[in-house]
Structure formats: C-alpha cells, structure tokens
Amino acid sequence: MPKTSKGTKKTIATPPTEIKIKINGCWHNFEPERGDITSTMTLSYLLREKLGFTGLKVACDEGGCGACTVIMDGKAILSCMMLAVQANGHEILTIEGLEKNDPIVAAFAEQCEPGYGTALQCGICTPGFVMSTKALLDENPVPTMGEVKEALSGHICRCGCYAGIAQAVTHASEKIAKKGEVS
Amino acid sequence: MKQPYTPRPNSNRKFVGGYRPKIDAWEKARGKVEYVDDITLKTRFPGMLYAKVLRSPHAHARITDIDVSRAEQLPGVVSVMTYKDPEFTSLRPTNAGWTDGVDTVSYDRKMWRDFNDRRVLGDYACWVTDEVGAVVAAESEEIADEAIRLIDVQWEVLPFVLDPIEAMKPGAPLIHPDMTQTNVLPPEKMGGDDVFLNKGDVDADFAEAEVVIDGTSIHHNATQASLDNWCCLVDWTEEKFTLYSNSFEADQTRMHISEMLDLPLHKVTVISSYVGGQFGRGDTGEQPFFLFTAILSKKTGRPVKFRHTRRESFHDSRQPSIYYGKVGAKKDGTITSLYFKSIGNTGAYADHSIFALKFAPLEISEVSFAHIPNVKLESYAVYTNKLPACMMRGVGNSQFNLIFGHIVDLLAEKLDMDPIDLCIKNFGHEWETLPDKSLMEVLRQGAEKIGWRKKRNKPGQGPTYDKTKKRGVGFSLHPAWHAEWQEVRRGHIPISIILNPDGTVILNAPTVETGTGSNTCNVLGCAEALNFLGVTPEKILWNHVVNTDTSLKDCVQTDSSVSYLQSEVIAAAVEELKKEIFDRAEPVLKAKSKDLDIVDGRIFVKKNPDQGLTVKELLFQGDLVPIVVTKSKLANAEKTGVPYFANFAEVEVDTDTGKVDVLHLVVINDCGTVMFASGAEAQQVGGQVMGMGETLTEEIIYDETTGVPLNFNFIDYKIPTIVDMPDIDPILLEIWKGAGEYGACGIGEGTLTCTPRAIMNAIYNAIGVRINDIPIKPEKVLRALGKV
C-alpha cells in the first residue's frame with residue numbers, strides 16, 4: 001500500500017482482487033495476484049499474448065494505426081491504448097467473436113467490383129477495419145461516404161486498399177439491410 | 001460506376017484476368033491467417049524466451065567497455081551475451097544485401113561482396129538505433145527490455161555526418177574506416193565504374209545541340225512501414241535449427257543461416273507463411289537479427305522470439321538521392337543526348353545501394369533510351385550516419401523517375417511542345433522502331449481519363465478557385481519491370497501439381513504471400529491450364545506455407561514477377577500431367593495415348609468418343625494414388641522488351657496556405673496479360689498511398705545536431721489514410737506481349753514509381769513555380785511562391 005510522505009496511509013480504492021472481462025460472450029476471470037493480469041498490461045497484450053486472440057494486431061502499440069481495434073460495449077476502441085484492468089466489468093468483442101458469415105467480413109472478403117481493387121491485400125490491417133466498420137454500421141446502418149471515411153480515418157492500410165475498403169463498407173451496409181428485410 | 005478493363009481481342013480466357021476475390025480473402029478478413037508475430041502462446045513453444053538487443057543512442061560511436069552484471073542479476077533474465085563472446089567474434093562480417101532475392105546466393109557469391117560492412121553484434125555503431133554490443137534473452141519482453149536498460153556501456157562517441165555532400169568532403173568523419181578511407185563506396189565489378197554508361201559523346205552533343213536544358217531533383221528517406229513488424233522465432237536444438245520468419249524469402253534465408261552458422265542445409269528449416277506487407281523492407285533476408293536470435297536459442301536451449309517494435313521497424317528506407325539531369329535536343333523535339341548524375345545517401349551500411357544507383361538506371365536506359373545516340377550515367381553512393389537505405393517498392397526507379405520526368409517536362413516547356421508528344425517521339429526499346437505502341441496507348445488513355453487537353457493550362461495561368469486555389473495536371477512515365485527475359489538469373493523455377501483421385505488439385509507453387517496476389521494469379525493460371533479437366537479455382541488448394549524441408553524452392557516476391565513466372569511453369573507442367581493421365585488410361589481404354597483426348601475431365605478415344613470415362617472414374621478404379629507432376633523451368637530468355645506504365649495527376653494548390661490536395665490520380669499499366677484483374681487494380685490503386693505519401697507528407701526527420709531520428713512512429717511519420725486519398729482510376733491494358741504462354745510483366749512495384757513526379761509536374765502546372773525536392777510540404781510551396 002503506497003504511503004504519503006508523512007507516513008500515513010493514503011485512502012485509495014482497494015485494487016480488485018479479481019478482474020472480470022466478458023470476451024466474445026464469455027466471462028473471463030483474472031487474478032492480479034496470480035500474475036495473469038498486471039496493472040501495466042494493455043488490453044491488446046492480454047488478448048493476444050495471454051489469451052491467443054491474435055486476430056487483432058499490434059503494429060504500432062501507440063494508437064497510430066488502428067490494427068488493434070476491438071469493440072467494447074458497442075464502441076470501437078484501440079486495445080493498445082487501454083489497460084487490461086480498465087476493461088473490468090466490460091464486454092469486449094474481437095474479430096473471433098463475429099459470426100462465421102458476418103456480412104461485414106463477407107463484404108471485405110468479396111470486394112472485387114472493377115475499378116476499386118480488393119479491400120485487402122496482405123490482410124494485417126483488415127480485422128481492425130472490420131471491427132471499426134461493425135461499430136459504425138451498428139450505430140449508423142446507412143452511413144454517407146463522409147461518415148465512412150471519418151469512422152475509418154484512424155486506420156492505416158499500407159497496401160493502400162482504401163478504395164476497395166470504402167466499397168466493402170457500402171456493400172456491407174447493403175447486405176445488412178437485405179438481411180433485415182428477410183428476417 | 002467504374003468500368004472493367006478490355007481484354008486483348010480473342011484471348012478467350014476463362015479464369016486468367018478475371019475480377020474475383022483473392023484466394024485468401026475470407027481467411028484474412030476473419031483474422032484467421034497467422035503471421036509470425038501471432039505465435040504468442042507459450043503452449044505452442046513451451047519455454048519460449050524473448051530477445052532484445054542493445055541499440056546505439058549515438059549516431060556514431062564505439063563501445064570501449066561493457067558491464068552486463070546488473071542485467072544478468074535481474075530475475076527472469078536467462079542469458080546476456082555480448083560482442084566479446086566467441087559465438088559472435090567467430091562470425092564472418094556480412095551485409096544485408098546478399099541478393100536482390102531473384103537468385104539464391106552463397107556467402108562468396110553474394111551480390112555486393114565488396115561491402116562486408118556489417119558485424120553481427122559488433123562494438124561499433126553507425127547510426128542511432130544500430131544493433132550493437134549485447135543481446136538478452138528473458139522470460140518476457142518486459143524483462144528483456146529492463147535488462148537492456150541495466151547494461152552499463154562506455155561509449156566513445158565519434159563525430160558524425162548525415163549529409164552525403166558533406167560526407168564526400170575531405171576530413172569528413174569516416175563511417176567505415178576499417179574498410180575504406182573515403183565515404184564514397186569504391187567502384188566494384190557488379191555496379192561498374194562511377195561513369196557506368198557512356199554511349200556516344202554527350203559532351204560533344206551538348207556543345208552542338210539546338211536546345212540544352214538541365215535540372216535537379218531530390219528524393220528523401222521514405223520508409224516501407226509494413227504493419228507487420230519484422231520478427232522471427234528460432235528453435236535451435238542439437239538435432240535441428242528451425243526459423244520462423246516473416247522475411248519474404250525462405251530458400252535464401254536458409255542459405256544465409258547455413259553459411260553464416262556453418263550448418264548443413266538439411267539441418268536448417270526456414271518456415272515462412274503470411275507476411276503483413278513487404279515493400280522491399282530490409283532489402284532482403286540477410287539480417288543480423290536472425291543470427292543473434294539463433295545464438296541465444298542455442299545458448300539457452302530454448303525457443304527464442306525476437307520482434308522489432310514499431311520504432312525499431314524504421315530500420316530501412318528508400319534511398320535518398322540527389323539527381324542532376326541534362327538533355328540535349330533538336331528544335332523538333334528529337335532528343336540527342338541525356339546525362340544523369342546521382343549522389344545517393346546510402347546511410348550506415350552499403351546493402352543494395354549500388355543496385356538503386358546503377359543497376360536500375362542502366363536497365364531503364366536499355367529499355368527506354370535505346371534510340372537516343374548519346375547517353376551518360378554517373379553515380380556515387382555515399383556512407384553517412386543515417387539509417388541504411390535502398391529498396392522500397394522498387395529499387396532506384398522512383399528516384400530516377402523524379403529527375404527523368406522533370407527533364408522531360410522542362411524540355412517540353414522550352415520547346416513549347418506537349419510533353420506527351422515529346423515522350424512518344426523519343427522513348428522506346430531497341431527491339432522496336434519508334435513510336436512504341438505500348439507507350440502511345442498508355443499515354444493516350446491516361447490523357448483522356450485525366451482530361452489532359454482540357455485541364456492543362458500554361459503553368460500558373462489557369463483559373464483560380466475559391467479565391468486562392470490553383471489547379472494543374474501532370475504525368476510521368478516509366479518502363480515496366482520485369483518481363484520474363486529479365487528474370488533468367490532466378491535459375492530454375494520449380495512447381496508441382498498433385499491431381500487427387502476426386503479431381504481436386506493441390507498446387508505447390510511456393511512463394512511467401514506478402515499480399516501481392518501472386519497466389520491468386522497462380523491458382524487462376526493453374527485452373528486455366530487445367531481447363532481440360534474441368535477444374536475451377538475453387539478446386540485448387542494453394543499451399544501457403546513455405547517450409548524449406550518439404551517445399552520446393554520458393555519464388556521470391558521481387559520484381560513483381562511471381563504473378564506470372566510460376567504460371568508459365570504451371571502451364572508447362574500441365575502438359576506432362578496430361579501425358580501421365582493418358583498413360584494411366586491406356587490399359588483401361590485399350591487405346592494408345594496418342595489416340596486419346598480429354599475434355600471437361602472426361603477421357604475418350606478420339607475416333608470413338610463414346611468410349612471413355614472421367615478422370616475420377618479412372619483413378620477410383622485404380623490404386624487411388626494421386627498423379628504428381630513436378631516441373632522446373634528457366635525463365636524464357638527471349639528478349640521481348642517491356643511495356644510502359646504512367647501516372648497522371650490533377651492537383652489543387654492553396655496559394656495562401658501552401659497545402660497541396662491531389663484531386664485525381666490515373667494509373668495506367670500495360671501488363672501484356674492481366675493475370676488477375678482485381679489484384680492488379682488493387683496494386684494500382686493501393687500503390688498510390690505510398691506514392692502520394694512520400695510526395696507530400698511522409699518524411700523521416702533527424703535532429704541535425706545529434707543525428708537522432710525524431711519521428712520513428714505512426715503519429716509523426718504521416719501515412720495517408722482513407723480521408724487523404726483522392727479518386728483513383730486504375731487502367732489495365734494488354735498491348736505489348738512478352739514470350740511464353742501468358743507473356744505478362746510485373747506491375748506491383750511500379751504503380752507508384754511515377755506518382756511523385758506526376759504530382760510535382762501537376763503542381764508546377766498549377767502554380768508556375770517548380771519545387772523539386774520531396775516531400776512537398778506547405779512551407780516549401782509558400783517559400784517557392786515567395787510568401788515566406
């Protein structure tokens with residue numbers, strides 16, 4: 001317990017002995033004392049290095065590229081910029097948690113409309129783009145192109161597939177609308 | 001709505017050239033493909049350790065003493081090794097440019113064998129970030145990092161130099177005094193003399209020419225910035241050495257390991273699978289970090305993983321070059337002489353510098369300046385204390401294009417001629433007479449798409465938009481690389497095809513998948529060749545893991561040529577497969593092979609088509625053993641020249657703020673044959689991010705007083721995002737045709753070669769003032785306009 005310079009005990013909240021994070025629908029319990037989570041560990045580190053959710057990538061580790069994007073409580077977040085303990089009590093969705101035939105994944109995979117190229121090449125940034133797109137379309141199912149670009153502006157695709165990605169988001173939006181009509 | 005390309009008339013292709021997703025698109029979109037850094041869990045490699053290396057905080061320094069005792073005492077540290085250990089002192093000096101990846105070479109045959117300027121963990125640092133002195137293996141990366149900080153190092157700090165012109169002056173600090181007493185790399189056999197091409201007599205022609213124009217251009221340290229930080233995992237046991245790497249070559253890496261660590265080839269396994277972007281980083285695979293990770297693995301007896309952080313991944317760049325160009329011509333626009341001189345900032349280590357400065361321009365001269373009687377090329381590569389520099393999506397081509405497109409634009413203006421007409425009048429290869437059909441069509445289509453004739457005003461004389469903004473258009477052109485004849489050095493290109501009894505196919509066409517789409521080209525080429533079996537791409541499995549124990553030699557992702565090279569071999573292999581099928585059918589159909597035919601997977605007797613059976617029926621009747629054909633072939637050496645490509649740009653320059661907005665880019669590639677249209681267009685569109693980035697925003701910035709690079713991160717090194725990119729029109733053409741079944745050429749690297757110059761010429765067209773050093777940031781525009 002840290003002490004003030006006067007040697008008296010400082011009143012701070014007792015660190016939780018257990019951290020609970022709901023990941024892709026399942027609650028995971030971590031105990032700091034057991035060493036499976038530390039106060040300096042980032043959420044991306046916990047997910048990738050401790051739990052094996054390697055769909056998210058850590059390319060810059062400082063919030064500059066978007067490759068580590070996951071969804072927390074419905075919002076796209078950079079998991080390299082959040083401490084694992086901050087996710088305590090929250091719900092995380094990683095790319096592994098999407099349904100097998102997720103319409104956004106499908107739209108990114110299938111983009112080959114002439115004139116725009118594919119929506120991915122090396123594929124390392126793609127899960128991040130997919131998760132930001134999901135957060136966008138969950139909130140705004142039919143975004144304008146300006147809204148799409150703004151939502152994805154924190155992501156880098158070094159292969160440069162932005163035109164294909166923009167098409168994929170449009171197609172994903174159409175797929176979701178169609179699905180809604182059917183169900 | 002954009003339009004698909006128009007295939008060559010009567011090409012009748014079913015799969016090759018199609019618009020479709022990449023074969024690995026679903027797995028990639030779902031985050032299922034595994035990159036090396038995705039090997040995270042210790043369950044897979046029990047006992048896995050993490051390595052870190054000491055990096056120089058100084059631009060130029062020597063270690064005089066090192067004390068690692070505090071690091072060794074840190075709990076969790078398993079091993080600390082230093083440059084004094086015999087494992088390192090016994091290693092031969094090396095370089096990071098054994099080969100350009102085209103061929104596999106040994107230590108003695110490496111491309112730049114005169115420049116063995118790298119030590120694997122030496123005591124001498126030539127740039128801030130250089131790997132020197134000590135390495136650590138620990139239970140976690142955090143502990144390894146902390147251990148590095150606990151190493152006490154005594155540095156002898158030496159004077160440094162960043163600028164190549166300064167570095168050339170007598171008395172400048174010498175970067176590699178043990179090797180050479182000047183910072184200028186001495187001429188050697190591969191690159192040739194300082195003047196490495198001297199055709200005709202340029203000086204005499206300049207004295208007599210009706211028009212003479214000269215200019216300069218400066219290219220800077222843009223970096224590859226692959227998102228997949230370079231890393232490796234080595235497990236070196238007594239029985240076997242295994243390396244997992246995200247280098248783009250496997251066979252060459254195996255040779256490198258074997259030669260440097262004195263291990264027989266069959267004891268070295270290199271495994272490479274998906275790579276998150278290559279773009280020429282690290283030049284090739286001969287990196288010291290593979291070796292020190294390996295030595296730590298041997299020392300500790302445990303698997304060791306080493307990965308670069310993002311900051312450390314700024315370990316290579318495009319080579320900055322200062323080019324001077326001079327052209328002599330007749331008043332009618334006939335170019336009679338060309339002279340180019342370059343000074344390249346090679347940075348701390350030579351690597352492939354000479355390739356960028358001499359090889360690439362020489363090749364360009366061969367295929368573009370064949371009809372110009374006097375051509376002289378001269379170059380100097382200079383060591384400095386900057387990060388090493390050479391390959392980046394191309395090797396010297398972008399730098400050369402920057403001056404080439406400049407000289408063209410200057411001369412056209414002087415002659416009051418359309419630069420398009422000037423290019424068509426002069427440039428082409430020796431195998432054809434001028435004008436070059438490919439070049440003409442490339443420029444015609446580009447001009448049409450950008451609106452060249454309508455939008456091009458006299459420089460700075462166009463209308464003003466929003467009170468302060470001026471618009472302009474520009475272009476630049478370049479010969480494509482590479483066609484098959486330029487790949488002969490690659491040696492045999494092996495592939496194998498396995499035809500399963502049920503008619504499905506396993507294609508072993510090994511190449512490390514870096515995103516280029518060549519895997520899809522292979523599958524399409526294979527399906528096309530196997531059309532007689534009724535095979536569709538969906539029935540072909542392409543092996544995505546290159547494992548040097550079990551794979552054939554990998555075709556390295558250089559020269560953008562894997563997209564068609566392996567398909568050419570596949571086409572040849574399929575002929576043998578067909579023969580094997582007939583051989584197996586002979587006893588069943590009781591007919592000779594020569595009397596058999598096969599259509600849509602059904603074998604039949606030509607004279608009696610009713611007498612037949614399907615391949616599946618044939619194999620299921622027999623022993624159910626798949627038919628396997630392995631074939632290797634040299635590239636076709638027939639000299640066919642190469643086609644052309646060009647980029648056109650429209651820009652808007654705010655004369656108040658100096659900001660340049662690119663409004664429209666058109667990318668035109670004559671491919672010979674389009675192997676995979678969606679992939680080719682992805683290369684055309686995608687390349688513009690890197691091309692536009694290095695023209696306008698991307699730049700490595702150094703503190704000139706310390707030599708410390710200031711922006712090795714993605715916040716301050718500005719890569720364009722989705723909001724920055726303009727509308728891009730990719731245009732694919734099939735005009736030229738090379739040798740072989742497909743006669744295609746590489747396009748991927750080249751799609752951005754002309755982007756900087758196209759944008760720069762457009763800026764000049766907009767504001768009437770030339771800026772010839774990139775990146776063109778607002779302050780440079782304002783300075784050029786006399787506003788600051």
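Computed over heavy atoms, backbone and side chain alike; hydrogens, waters and symmetry mates excluded. In what follows, chains carry the letters A, B, and so on, assigned in the order in which the sequence lines appear, proteins first and then strands, with residues in each chain numbered from 1.
A salt bridge does not link R311(B) with E62(A): none of the charged nitrogens is closer than 4.0 Å to a carboxylate oxygen. The pair K75(A)-E139(A) meets the salt-bridge criterion, with a side-chain N (NZ, NE, NH1 or NH2) lying under 4.0 Å from an Asp/Glu carboxylate O. Under a 4.0 Å N-O distance rule, the pair E681(B)/K2(B) does not qualify as a salt bridge. Of the charged side-chain nitrogens involved, none lies within less than 4.0 Å of a carboxylate oxygen, so that K305(B) and E141(B) do not count as a salt-bridged pair. The pair R158(A)-E698(B) counts as a salt bridge, with a side-chain nitrogen and a carboxylate oxygen less than 4.0 angstrom apart.
When each of E150(A), K57(A), K100(A) is scored by its heavy-atom pairs under 4.5 Å with chain B, the top score falls to K57(A). When each of G679(B), G517(B), P720(B) is scored by its heavy-atom pairs under 4.5 Å with chain A, the top score falls to P720(B). When each of V33(B), D727(B), N713(B) is scored by its heavy-atom pairs under 4.5 Å with chain A, the top score falls to N713(B). In terms of non-hydrogen atom pairs under 4.5 Å with chain A, the most contact-rich of K22(B), Q688(B), Q3(B) is K22(B). Here A106(A) is the residue among A106(A), A119(A), A163(A) with the most heavy-atom pairs under 4.5 Å with chain B.
Both the backbone and the side chain of V105(A) come within contact range of chain B, judged by heavy atoms closer than 4.5 Å. Neither the backbone nor the side chain of A677(B) comes within less than 4.5 Å of any heavy atom of chain A. Looking at D724(B), neither its backbone nor its side chain comes within 4.5 Å of chain A, counting heavy atoms on both sides. Of the atoms belonging to T94(A), not a single heavy atom falls under 4.5 Å from chain B. With a 4.5 Å cut-off on non-hydrogen atoms, I104(A) does not touch chain B at all. Both the backbone and the side chain of Y19(B) come within less than 4.5 Å of a heavy atom of chain A. Residue contact with chain A, scored on non-hydrogen atoms closer than 4.5 Å, involves the side chain of N229(B) exclusively. Using a 4.5 Å cut-off between heavy atoms, V685(B) touches chain A through backbone and side chain atoms alike. Heavy atoms of Y5(B) lying under 4.5 Å from chain A are absent altogether. Neither the backbone nor the side chain of L98(A) comes within contact range of chain B; no heavy atoms are under 4.5 Å apart. Contact annotation for T54(A): both backbone and side-chain heavy atoms come within less than 4.5 Å of a heavy atom of chain B. Looking at A107(A), there are no atoms closer than 4.5 Å to chain B (heavy atoms on both sides), in backbone or side chain. Heavy atoms closer than 4.5 Å to chain A are found in the side chain of E513(B), but not in its backbone. Contact annotation for F53(A): neither backbone nor side-chain heavy atoms come within less than 4.5 Å of a heavy atom of chain B. With a 4.5 angstrom heavy-atom cutoff, L227(B) touches chain A via backbone and side-chain atoms both.
Counting only distance, with no hydrogens or angles, the side chain of Q121(A) and the backbone of A682(B) share a donor-acceptor pair below 3.5 Å.
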For Y274(B) and E34(B), run side-chain contact (heavy atoms from CB on, under 4.5 Å): C-alpha distance rounded to whole Å, both residues' side-chain angles, the deciding distance at 0.1 Å, then the answer. CA-CA 6 Å; Y274(B) 293 103; E34(B) 188 181 71; 5.8 Å; no
Could you walk me through whether T69(A) and F129(A) satisfy the side-chain contact (heavy atoms from CB on, under 4.5 Å) test, starting with their C-alpha distance in whole Å, then the side-chain angles of each, then the deciding distance to 0.1 Å, before giving a yes or no? CA-CA 8 Å; T69(A) 302; F129(A) 272 99; over 6 Å; no
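In the model, E147(A) has a side-chain atom that pairs as donor or acceptor with a side-chain atom of N140(A) under 3.5 Å. Judged purely by distance below 3.5 Å, without hydrogens or angles, the side chains of T751(B) and Q683(B) never pair a donor atom with an acceptor atom. In this model, no donor atom of one side chain and acceptor atom of the other lie less than 3.5 Å apart for H544(B) and E27(B).
Residue-environment remark: CD (E146(B)) exceeds the threshold of 12 foreign heavy atoms within 6.0 Å.
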